[in-house]
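Step one of this worksheet: look at the structure below.
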Amino acid sequence: MTDVPDRRLLFVHAHPDDESINNGATMAKYAAEGALVTLVTCTLGEEGEVIPAELAHLAPDRDDTLGPHRVGELAAAMRELGVTDHRFLGGPGRYRDSGMKGAPQNARPDCFWQAPLDEAAAHLAAVVREVRPQVLVTYDPDGGYGHPDHVQAHRVAMRAAELAADPDHRPGAGEPHAVTRTYWNCVPRSVVERGLAALRETDAHAFAGIADATDIPGVVDDAEVAVSVDAGTEHAARKAAAMRAHASQIAVDGAFFALSNDLGQPLLRVEHYRLAGEDAPEGAPVGDLFAPVAS
Ligand SMILES: CC(=O)N[C@H]1[C@@H](O[C@@H]2[C@H](O)[C@H](O)[C@@H](O)[C@H](O)[C@H]2O)O[C@H](CO)[C@@H](O)[C@@H]1O
Ligand SMILES: [Zn+2]
């Protein structure tokens with residue numbers, strides 16, 4: 001029986017690249033400290049826009065091979081972060097990328113947005129009962145920016161935590177397990193505004209434009225932040241390298257990055273979390289996802 005690390009975290013994301021953008025430095029930090037970091041990605045990102053011209057043939061309306069390509073990008077990103085436990089919800093390709101909100105792909109019967117909630121959540125509950133994490137991290141109810149796969153990932157993660165803890169859910173299929181703490185990704189408004197101001201002051205950036213604060217997912221009032229993980233320079237560098245590994249989706253330029261919309265935004269070294277479904281904490285943010293939070 002191999003030793004199971006005392007500290008275990010489960011990150012649930014919609015597409016390959018979300019984990020590095022939202023939690024790359026956090027994942028690298030805890031992995032380096034010997035915690036078990038498990039990532040579950042719900043789709044292969046088959047419907048993404050492709051940035052590099054030389055990869056344009058992968059697009060869903062061309063070869064439709066972006067999904068398998070992004071599996072490789074994600075594996076490279078995990079190597080950069082030192083994360084060894086990574087899974088796709090229900091197995092690779094079980095749920096297809098649903099496309100942006102309002103896209104015709106939202107109606108595909110095989111897409112994640114159309115997945116029956118308890119079916120998808122049961123796949124994830126099995127991972128929760130196996131890994132038995134104290135900490136679960138996912139998106140807020142809006143998925144950060146309303147993307148159907150992000151909204152669905154939130155719903156599936158929250159439902160899976162319920163099912164995993166319920167002794168009446170699939171008795172005999174793993175001991176029930178209650179996650180100790182669930183967090184939602186967020187970004188404090190002051191951090192976004194400082195980062196965008198820094199980008200506006202830099203003439204030398206590589207992007208066509210600069211994002212607006214309303215383009216950044218999960219922006220909250222500073223007081224809503226319960227935990228701010230400053231993983232340090234080394235792990236921030238690993239985050240940037242992991243984001244570069246997602247080259248079909250992300251362009252990185254120093255302390256900034258852009259998605260295929262080519263709108264620059266800050267590449268955050270400190271990553272922020274709010275308590276799921278709870279009011280703002282009383283005190284200042286703590287620095288550790290396992291630490292007590294005065295709520
Ligand atoms: C970060 C993230 O969630 N990316 C998703 C998103 O990608 C956006 C989409 O391609 C949009 O059309 C672009 O304008 C935008 O720049 C992209 O970030 O949606 C994709 C399709 O569902 C998804 O594959 C990608 O991972
Ligand atoms: Zn995404």
Side-chain angles (χ1 to χ4, degrees), residues 7 9 11 13 16-35 37 39 73-74 76-83 135 137-140 144-145 183-207 210-213 215-247 249-259 263-275 281 283-291 293:
R7 297 186 302 165
L9 308 93
F11 294 84
H13 279 292
D17 73 9
D18 293 310
E19 82 295 326
S20 297
I21 295 169
N22 288 279
N23 314 116
T26 301
M27 296 169 79
K29 162 190 159 56
Y30 284 109
E33 292 174 356
V37 177
L39 169 66
E73 290 185 336
L74 186 53
M78 293 300 98
R79 287 192 293 273
E80 296 290 353
L81 299 181
V83 172
V135 170
V137 175
T138 190
Y139 311 107
D140 65 33
Y145 71 103
Y183 293 100
W184 295 340
N185 298 309
C186 66
V187 186
R189 185 164 285 102
S190 66
V191 168
V192 168
E193 290 168 352
R194 271 201 307 276
L196 292 173
L199 184 54
R200 283 192 287 269
E201 286 160 16
T202 306
D203 293 336
H205 67 76
F207 312 118
I210 296 175
D212 183 79
D215 297 318
I216 311 292
V219 177
V220 297
D221 292 338
D222 289 26
E224 293 288 330
V225 179
V227 181
S228 295
V229 176
D230 183 350
T233 307
E234 177 198 350
H235 300 311
R238 289 179 176 274
K239 170 175 181 170
M243 290 175 68
R244 283 195 184 89
H246 290 288
Q249 304 296 305
I250 303 172
V252 176
D253 177 22
F256 307 103
F257 75 97
L259 302 170
L263 296 177
Q265 56 181 293
L267 194 166
L268 299 181
R269 158 179 160 162
V270 180
E271 293 165 340
H272 307 271
Y273 303 86
R274 56 191 283 217
L275 286 168
V286 298
D288 179 2
L289 290 169
F290 291 89
V293 174

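By convention here, the first residue in the shown sequence is residue 1.
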Calculate, to the nearest 0.5 Å, the distance between atoms [atom1] and [atom2] belonging to [X] and [Y] respectively.
X: Asp222; Y: Cys186; atom1: CG; atom2: SG; answer: 9.5 Å
X: Leu196; Y: Asp212; atom1: CG; atom2: CG; answer: 7.5 Å
X: Glu33; Y: Asp288; atom1: CD; atom2: CG; answer: 7.5 Å
X: Leu9; Y: Leu39; atom1: CG; atom2: CG; answer: 11.5 Å
X: Leu199; Y: Phe257; atom1: CG; atom2: CZ; answer: 11.0 Å
X: Glu19; Y: Met243; atom1: CD; atom2: CE; answer: 10.0 Å

Is there side-chain contact between [X] and [Y], with heavy atoms separated by less than 4.5 Å?
X: Glu73; Y: Pro16; result: no
X: Ile210; Y: His205; result: yes
X: Gln265; Y: Asp215; result: no
X: Asp230; Y: Arg269; result: yes
X: Glu80; Y: Arg244; result: no
X: Leu289; Y: Arg7; result: no
X: Pro217; Y: Val187; result: no
X: His246; Y: Ser20; result: yes

Step by step, work out the side chain to side chain contact (heavy atoms under 4.5 Å, CB included) result for Met27 and Arg238. CA-CA 10 Å; Met27 296 169 79; Arg238 289 179 176 274; over 6 Å; no

For a quick test of reading the model, state the closest non-hydrogen atom pair linking Gly24 to Leu81 and the distance between them. O-CD2, 3.4 Å

Nearest heavy-atom pair of Ala226 and Val293: which atoms, and what distance? CB-CG1, 3.9 Å

Could Arg189 and Asp221 be called an ion pair, given the rule that one side-chain N must be under 4.0 Å from one carboxylate O? yes

Test applied, side chain to side chain contact (heavy atoms under 4.5 Å, CB included); reference residue, Asn185; option that passes from Asn23, Thr138, Val220, Thr26: Asn23

For the pair Asp253 (side chain) and Ala206 (backbone), establish whether a donor and an acceptor sit closer than 3.5 Å, ignoring hydrogens and angles. yes

Say whether Tyr273 and Asn22, considering side chains only, have a donor N or O and an acceptor N or O under 3.5 Å apart. no

